[in-house]
Peer 1: 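I have a structure here, written as structure tokens, and I will follow up with some questions on it.
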Amino acid sequence: MKNSTAILIFTQEVSKDVSRKNLTPTKNTGVNHLIFKQLNNFVGRTAASSNLSVFYSNQLIEDSKSSFGKQLSAAIQAIFKKGFEKVICVGNDCPALSKIQILDAAEKLKLANTVVGPDQRGGVYLLGVSKNSFNAEAFENIAWQSGMMLGSYLKQFADQNISFLETLADIHTFEELQVYSSSRYFIRYLLQFIEKSLS
């Protein structure tokens, strides 16, 4: 295998994203749905630009009713079974994510067991793991989707060599999305998209 590192984009049904996060100035479910489709497309293009193999969790997970941790763990293990030694996991809620962070994570994973890209709310926008140190049970018991996620991860895997990337902001609300608008082309595009869709 030419490259032993793969990217896992964790995606779920858009309706689940829409129910958890509102990225419109009003609670417009239809526009919110379209925004998350755009975010999914964005992270897909960003991942593909790294020239690493890219997989989507919804194509790997058989039990979509299990917990977030179990689904993520199952998707990672499915990629390991394909012969990859390292997996870089990303989601769709960090528009500041670029090829730079992904390639930096891939480079750091050559020496570290884990690479963490922290977000500003106690979680991560990127998580790189290695097959030789992956503990599925401990991984599934992390406080996923909470402000304690990163702390929980670091406690569970305190014995591992962990490398960090820069902290980036993710978006869960329209107000947070607006913070990006002055400097992020893609967010400016999304804001224009929302305005157009609502008019």
Side-chain angles (χ1 to χ4, degrees), residues 1-14 16-17 36-64 66-119 123-142 144-145 149-150 152-154 156-157 159-168 170 186:
M1 183 176 297
K2 191 172 104 172
N3 199 313
S4 63
T5 303
I7 299 172
L8 170 64
I9 298 175
F10 191 89
T11 56
Q12 52 189 355
E13 293 175 23
V14 173
K16 288 185 180 179
D17 280 325
F36 277 102
K37 280 192 168 183
Q38 293 287 327
L39 286 167
N40 286 340
N41 291 338
F42 169 77
V43 74
R45 289 193 308 271
T46 301
S49 71
S50 71
N51 290 321
L52 296 173
S53 296
V54 178
F55 298 93
Y56 288 82
S57 61
N58 60 358
Q59 297 169 346
L60 301 169
I61 299 169
E62 294 177 9
D63 180 14
S64 61
S66 59
S67 70
F68 179 93
K70 285 190 175 179
Q71 288 185 51
L72 184 56
S73 175
I76 289 169
Q77 291 176 79
I79 296 175
F80 287 152
K81 285 177 184 175
K82 293 179 183 292
F84 292 91
E85 297 294 320
K86 318 275 187 181
V87 178
I88 296 170
C89 311
V90 295
N92 66 355
D93 61 355
C94 182
L97 177 70
S98 73
K99 179 173 72 172
I100 293 168
Q101 286 86 23
I102 292 172
L103 293 179
D104 191 15
E107 192 62 29
K108 283 179 163 62
L109 272 175
K110 290 177 181 178
L111 299 174
N113 300 121
T114 300
V115 174
V116 172
D119 66 28
V124 298
Y125 64 87
L126 180 151
L127 183 64
V129 296
S130 303
K131 183 178 181 179
N132 62 6
S133 59
F134 188 74
N135 180 326
E137 186 179 353
F139 190 86
E140 290 163 15
N141 288 324
I142 301 299
W144 296 106
Q145 296 181 306
M149 180 264 143
L150 181 55
S152 172
Y153 189 93
L154 296 177
Q156 285 275 18
F157 295 98
D159 60 332
Q160 291 194 5
N161 176 9
I162 300 176
S163 184
F164 290 84
L165 302 176
E166 64 183 312
T167 299
L168 295 178
D170 58 4
F186 181 68

Peer 1: Is there a side-chain contact (heavy atoms from CB on, under 4.5 Å) between Asp170 and Tyr125? Walk through the geometry before answering.
Peer 2: CA-CA 7 Å; Asp170 58 4; Tyr125 64 87; 5.5 Å; no
Peer 1: Does a side-chain heavy-atom distance below 4.5 Å link Ser73 with Phe139?
Peer 2: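 Yes; the side chains approach each other to less than 4.5 Å.
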Peer 1: Locate the shortest heavy-atom distance separating Gly44 from Ile9; write the atom from each residue and the value.
Peer 2: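 That closest heavy-atom pairing would be CA-CD1, 3.8 Å.
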Peer 1: Do Asn40 and Tyr56 touch side chain to side chain, with heavy atoms closer than 4.5 Å?
Peer 2: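 Asn40 vs Tyr56: side chains apart.
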Peer 1: Taking C-beta and beyond as the side chain, do Leu52 and Lys86 meet within less than 4.5 Å on heavy atoms?
Peer 2: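 They are not in side-chain contact.
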Peer 1: At what distance, to the nearest 0.5 angstrom, does NZ of Lys70 lie from CG of Asn141?
Peer 2: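 Between Lys70 NZ and Asn141 CG, I get 8.5 Å after rounding to 0.5 Å.
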Peer 1: Here's a test for you: under side chain to side chain contact (heavy atoms under 4.5 Å, CB included), which of Phe134, Phe164, Tyr153 qualifies with Thr114?
Peer 2: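 In the set Phe134, Phe164, Tyr153, the residue that makes a side chain to side chain contact (heavy atoms under 4.5 Å, CB included) with Thr114 is Tyr153.
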Peer 1: Taking side chain as C-beta onward, heavy atoms only, is Leu109 less than 4.5 Å from Ser130?
Peer 2: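 Yes - at least one pair of side-chain heavy atoms lies under 4.5 Å apart.
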Peer 1: Passes side-chain contact (heavy atoms from CB on, under 4.5 Å), Leu60 versus Lys82? Steps please.
Peer 2: CA-CA 11 Å; Leu60 301 169; Lys82 293 179 183 292; 3.8 Å; yes
Peer 1: Which pair of non-hydrogen atoms, one from Gly123 and one from Met149, has the smallest distance, and what is that distance?
Peer 2: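 Heavy-atom minimum between the residues: CA-SD, 3.9 Å.
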Peer 1: Measuring from atom OG1 of Thr46 to atom CG of Asn41, what distance do you get when rounded to the nearest 0.5 angstrom?
Peer 2: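 Going from OG1 on Thr46 over to CG on Asn41, the span is 10.5 Å.
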Peer 1: Are any non-hydrogen side-chain atoms of Trp144 and Ser152 less than 4.5 angstrom apart?
Peer 2: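 Not touching, per the 4.5 Å side-chain cut-off.
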Peer 1: State, yes or no, whether a side-chain contact exists between Asp93 and Leu39 at a heavy-atom distance under 4.5 Å.
Peer 2: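 No, too far: nothing below the 4.5 Å cut-off.
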Peer 1: Sequence neighbours excluded, which residues qualify as side-chain contact (heavy atoms from CB on, under 4.5 Å) partners of Ser53?
Peer 2: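 Residues passing side-chain contact (heavy atoms from CB on, under 4.5 Å) with Ser53: Ala6, Phe55, Phe84.
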Peer 1: Taking the side chain as everything from C-beta on, heavy atoms only, tell me whether Leu111 gets closer than 4.5 Å to Ser163.
Peer 2: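 No; the side chains remain at least 4.5 Å from each other.
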Peer 1: Considering the options Val54, Leu97, Leu8, Leu127, which one meets the side chain to side chain contact (heavy atoms under 4.5 Å, CB included) requirement together with Val90?
Peer 2: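 Single pass found, and it is Leu97.
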Peer 1: Would you tabulate the side-chain donor-acceptor contacts of residues 99-106 under 3.5 Å, counting partners in other chains and residues two or more places apart, or write 'none'?
Peer 2:
residue: Gln101; atom: OE1; partner: Ser98; partner atom: N; Å: 2.7
residue: Gln101; atom: OE1; partner: Ser98; partner atom: OG; Å: 2.8
residue: Gln101; atom: NE2; partner: Glu166; partner atom: OE2; Å: 2.7
residue: Asp104; atom: OD1; partner: Lys108; partner atom: NZ; Å: 3.0
residue: Asp104; atom: OD2; partner: Lys108; partner atom: NZ; Å: 3.3

Peer 1: State whether the number of non-hydrogen atoms from other residues, nucleotides or ligands found under 6.0 Å of Lys37 atom NZ is greater than 12.
Peer 2: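 At most 12 heavy atoms, drawn from other residues, nucleotides or ligands, come within 6.0 Å of this atom.
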Peer 1: Any chance you could measure Thr5, atom OG1, to Ile79, atom CD1, to the nearest 0.5 Å?
Peer 2: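 Interatomic distance, Thr5 OG1 to Ile79 CD1, rounded to 0.5 Å: 11.0 Å.
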Peer 1: Determine yes or no for a side-chain-to-main-chain donor-acceptor pair under 3.5 angstrom, with Glu85 supplying the side chain and Lys131 the backbone.
Peer 2: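 Answer holds: no.
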Peer 1: Any idea which heavy atoms bring Ser50 and Ala47 closest together, and the distance?
Peer 2: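 Nearest heavy atoms, Ser50 then Ala47: OG-O, 2.6 Å.
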Peer 1: Do the non-hydrogen side-chain atoms of Phe42 and Asn92 ever get within less than 4.5 Å of each other?
Peer 2: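 They are not in side-chain contact.
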Peer 1: Closer than 3.5 angstrom, by distance alone: can the side chain of Gln77 be matched with the main-chain N or O of Ala136 as a donor-acceptor pair?
Peer 2: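 Flag not set: sc Gln77 to bb Ala136 has no pair under 3.5 Å.
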Peer 1: Is Asn113 reaching over with its side chain to a backbone N or O of Asn161, donor-acceptor style, under 3.5 angstrom?
Peer 2: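 Answer holds: yes.
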Peer 1: With side-chain contact (heavy atoms from CB on, under 4.5 Å) as the criterion, how do Cys94 and Asp119 come out once you've worked through the C-alpha distance, each side chain's angles and the decisive distance to 0.1 Å?
Peer 2: CA-CA 8 Å; Cys94 182; Asp119 66 28; over 6 Å; no
